[in-house]
Amino acid sequence: MRAAQIEQPGGPEAIKIVELDDPRPGEGALLVQVAAAGVNFIDTYQRSGHYPQPMPYVLGLEGAGTVRELGPGASGFSVGDRVAWSGVPGSYAQLVTVPADRAVRVPAEVTEEQAVGALLQGMTAHALVTSTYPVAHGEDVLVHAAAGGVGLLLTQLATARGGRVIGTVSTEEKAALARDAGAAEVIRYDQIDDLAAEVRRLTGGQGVAVVYDGVGKTTFDASLASLRIRGMLVLFGGASGPVPPVDPQRLNAGGSLYLTRPTLFHYIATRKELEYHSGEVFAAVADGTLDIRIGHRYPLADAAKAHEDLESRRTTGKLVLIP
Ligand code: NDP
């Protein structure tokens, strides 16, 4: 089978397309033919060595496809079922083995590409607006990179809960996408000097109840300064780089603020949680209330280009690789 592998950490050019032996499904695992693999920011952290992995390493943690074979003891699925998964290494490949307890069935109304967009990014957005900080009707919510993969989903889901979303973006095309997703206000954060002051102006001086910040290094200070008293900063990623150490006293000075650094895997650690978040997201995709925007499709051979595009802020919505 063909796969996109790195032999050592590096830039996008470290990704090589290689021919590997077909994997065999071990105890409790499914062998799946991958129809679409999801490209996520975490893949770039693994590629660059920011999140170290054993080498050589086949990139990709997420995908959707068709079950080809069941390993010993694997249950709950049959050959031919359409399944999706996230958090399973080796997904930038034609074949991957997926532990059956980490696979979810893709409903008939949902395409494989939509399933890929719905899973890691969709469940992340869903967990952030329902569990990390449950957005309530009428609350002001700040979403950074609102036209990105997670950003478009956060904007839609927070708006559906009655939140008033203020989105930040870096281009006019992205501003239009954020508005289409439901953002009531959009800020071009590349064009203003004082982001927090603009957020305060848009919220009658109060600040927002919650900031969903996946940009990190360049937005962190403005995110803290944009919160209302007892507001919560949900720092869920660092697309612009990691945030330096923070003095807890800043939370006091900012108004008894809350700071959390969540990762999806702790919200879907049990089968019940995985089924809850994936089920809610798939149902919303199936009934048309959640739009999964596939922004870019690449053949597996262009995995390096996909990383380059994602890291250079050129992309919108979800990126998928077609092996
Ligand atoms: P996006 O599609 O959102 O791409 C990143 C966006 O961040 C860019 O398009 C850009 O939007 C913005 N950005 C701002 N500064 C930079 C910069 N210096 N370099 C690159 N991008 C920048 O990616 P994803 O949806 O895949 O991921 C978004 C964030 O969510 C990431 O930080 C990721 O790690 C995190 N994440 C966290 C998870 C968790 O479990 N905690 C799970 C999934 C994702 P603009 O041009 O508008 O500024």
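Both ligands and their constituent atoms are indexed starting at 1 by order of listing. Since the model is a prediction, treat every value here as computed from it, not as a measurement. Every heavy atom of this structure was used, including side-chain atoms; hydrogens, water molecules and symmetry mates were not.
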Set of residues satisfying salt bridge (charged side-chain N to carboxylate O under 4.0 Å, His left out) with respect to Arg313, sequence neighbours excluded:
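Salt bridge (charged side-chain N to carboxylate O under 4.0 Å, His left out) check on Arg313 returns nothing, list empty.
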Do [X] and [Y] have side chains that approach each other closer than 4.5 Å (heavy atoms only, starting at C-beta)?
X: Val169; Y: Thr171; result: no
X: Thr203; Y: Ile166; result: yes
X: Ile268; Y: Met123; result: yes

Gap separating the OG1 atom of Thr66 from the CG atom of Leu30, nearest 0.5 angstrom
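Nearest 0.5 Å value for the OG1-CG distance: 11.5 Å.
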If you count only heavy atoms, which residues are under 4.0 Å from ligand 1?
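Within the 4.0 Å shell of ligand 1, which is judged on heavy atoms, sit Phe41, Tyr45, Leu120, Gln121, Thr124, Ala145, Gly148, Gly149, Val150, Val169, Ser170, Lys174, Tyr189, Gly214, Val215, Phe236, Gly237, Gly238, Ala239, Ser240, Arg261, Pro262, Thr263, Leu264, Leu310, Glu311, Arg313, Thr315.
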Are a donor atom and an acceptor atom from the side chains of Asp309 and Thr315 found within less than 3.5 Å of each other?
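Result is no, nothing qualifies.
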